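Note that the coordinates shown come from a computational prediction; the quantities given were computed from them, not determined experimentally. FYI, the numbering just counts along the sequence from 1.
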Amino acid sequence: DGATDCADADCAADTLCTGCPTSLSQSVDTATINGALACTYGAGAPNADNEYYRSWDTSIYDCPEGIRVTAVNVGIGLADDLGGGGAMEMTVRVYNDPNGGDPDAGMSLVSEETFAVTAADAGTMMNVPLTTPAALPSGATLVVGVFTPDGIAAGVQVRAGTNDLGETNPSWITAGPCGIFYAPLSNFGAFHVVMTLETDDLGAGVAGDECALAVNVNAGANAFDSTGMTDSPEANPGPGGCTNGAGWGNLSNDMWFSYTAATAGAVTVSTCDPAGIDTDMAVYNSCGGALIDCNGDAPADGACQSFH
């Protein structure tokens, strides 16, 4: 019938019916390393800064409290000290991308782990446990990066491992010294970053339920659903704390949003929707910050619900 109904055998394999995953990968073959690509200072020379990414839309998984990354299995494509004995290392980085879609400069770093590699590791998969597991809220876009630092000082070459055996979603690369920023690796040939994540259901919580989990919104219409939200006492300026507009009540089942203005000026925030519910709003300059404005009921408007 087109709907996801987990009691229906036809939907048994749907990601929303199989529980929160304990591992994630977009590599068809998760064990073979037969390639490596990097921005370098020339043939046989040390590598420049490179970071390789994969991205997952976790809203397709049954993880009501969000998802947590506990370890990353990383393919090592090249580890060569070029005869100088310099230390070689890589860093796994886990991000929350509030913009969704492809990786971009707006990602927020959640956790990272630096680890040493040796020449013997080239062509293998390395398991990298996160000392601080990366917990993301429900529905977040999860991005994992593998960073190889500039090898000039140590005189080394280090590259993430790839293969050409297929992937279910693309991988990307950023290499600033070569003028490459969040480019699909497929732009350079059949290079598919090989990584597998170890995950569980101990995420950061329901997106929007607390200020720290605020949902990113943009100018224009933004749909939301506050079903299941809990009360946040700190969100409520209280009846005596909001004097702008009539009808202020205590906030309950509140949902948090975050907005970053592109330019200076006035911002209008409205819940006007004929099919909407009675709403109160309070605006703060940060989590735990100062109250900027609040409103219980705006003037009557026939295009809106009552008490918008």
Kindly write out the residues that satisfy salt bridge (Lys or Arg N to Asp or Glu O under 4.0 Å) with Glu112, not counting sequence neighbours, or none if the list is empty.
Arg93
Same cluster for Val217 and Val269 if Ile/Leu/Val/Met/Phe/Trp/Tyr side chains link at under 4.5 Å?
yes
Show your working on side chain to side chain donor-acceptor pair (under 3.5 Å) between Asp121 and Thr118 and close with a plain yes or no.
CA-CA 5 Å; Asp121 297 319; Thr118 68; 3.2 Å; yes
Side-chain heavy atoms of Cys20 within contact of Pro64, under 4.5 Å:
no
So, applying side chain to side chain donor-acceptor pair (under 3.5 Å) with Thr271, which one of Thr279, Asp280, Asn295 is it?
Thr279
What residues form a side chain to side chain donor-acceptor pair (under 3.5 Å) with Asp273, not counting sequence neighbours?
none
Does Ala214 offer a backbone N or O that forms a donor-acceptor pair with the side chain of Asn216 under 3.5 Å?
no
Can you confirm whether Leu213 sits close enough to Trp256 that some side-chain heavy atom of one is under 4.5 Å from a side-chain heavy atom of the other?
no
Would you say the side chain of Val69 lies within less than 4.5 Å of the side chain of Thr199, judging by non-hydrogen atoms?
yes
Do Leu136 and Thr58 come close enough that some side-chain heavy atom pair is under 4.5 Å?
no
Trp56 versus Ile67: any side-chain heavy-atom pair under 4.5 Å?
no
Partner of Asn34 under side chain to side chain donor-acceptor pair (under 3.5 Å), chosen from Thr162, Asp164, Asn163:
Asp164
Could you state the interatomic distance from SG (Cys63) to CG (Leu202), rounded to the nearest 0.5 Å?
10.5 Å
Test side-chain contact (heavy atoms from CB on, under 4.5 Å) applied to Met90 and Val158, step by step:
CA-CA 8 Å; Met90 302 170 75; Val158 181; 3.4 Å; yes
Short side-chain donor-acceptor distance under 3.5 Å, Asn253 and Ser226:
no
Qualifying residue, where the test is side-chain contact (heavy atoms from CB on, under 4.5 Å) with Gln26 and the options are Thr168, Leu197, Thr196:
Thr168
According to the side chain to side chain donor-acceptor pair (under 3.5 Å) rule, which pairs have a member within residues 78-91, sequence neighbours left out?
Thr91-Thr114
Shortest non-hydrogen contact from Val193 to Ser171?
N-OG, 3.4 Å
Does Leu130 belong to the same Ile/Leu/Val/Met/Phe/Trp/Tyr cluster as Val144, with side-chain heavy atoms less than 4.5 Å apart forming each link?
yes
Could you walk me through whether Ile173 and Phe188 pass the side-chain contact (heavy atoms from CB on, under 4.5 Å) test, one step at a time?
CA-CA 10 Å; Ile173 184 172; Phe188 310 98; 3.9 Å; yes
Do Tyr41 and Asp150 have side chains that approach each other closer than 4.5 Å (heavy atoms only, starting at C-beta)?
yes
Please confirm whether the backbone N or O of Gly106 pairs with a side-chain atom of Tyr95, one donor and one acceptor, at under 3.5 Å?
no
Would Val267 and Met281 show up in the same hydrophobic cluster when neighbours are defined by side-chain heavy atoms closer than 4.5 Å?
yes
Here the salt bridge (charged side-chain N to carboxylate O under 4.0 Å, His left out) pairs for residues 166-175, sequence neighbours left out, are Arg54-Glu167
Going by heavy atoms in the side chains, are Tyr61 and Leu24 under 4.5 Å from each other?
yes
Pairs satisfying side chain to side chain donor-acceptor pair (under 3.5 Å), at least one member in residues 126-147, at least two apart
Asn73-Asn127, Glu113-Thr131, Asn127-Glu198
So for atom CZ, which belongs to Phe224, do other residues, nucleotides or ligands contribute more than 12 heavy atoms lying within a distance under 6.0 Å?
no
Val143 vs Trp172, test: side-chain contact (heavy atoms from CB on, under 4.5 Å). Steps then yes/no.
CA-CA 10 Å; Val143 177; Trp172 290 268; over 6 Å; no
Asp209 side-chain N/O to Met229 backbone N/O, donor-acceptor pair under 3.5 Å
no
Between Asn50 (side chain) and Cys39 (backbone), is there a donor-acceptor pair under 3.5 Å?
yes
Keeping to residues at least two apart or across chains, list the side chain to side chain donor-acceptor pair (under 3.5 Å) pairs with something in residues 100-110.
Asn99-Asp104
Is any side-chain heavy atom of His192 closer than 4.5 Å to one of Ser27?
no
Would you check, one step at a time, whether the test side-chain contact (heavy atoms from CB on, under 4.5 Å) holds for Met107 with Tyr53?
CA-CA 12 Å; Met107 302 183 300; Tyr53 311 95; 3.9 Å; yes
Ignoring hydrogens and geometry, is there a side-chain-to-backbone donor-acceptor pair from Thr148 to Arg159 under 3.5 Å?
no
Enter the distance from Leu37:CG to Ile180:CD1 here, rounded to the nearest 0.5 Å.
7.5 Å
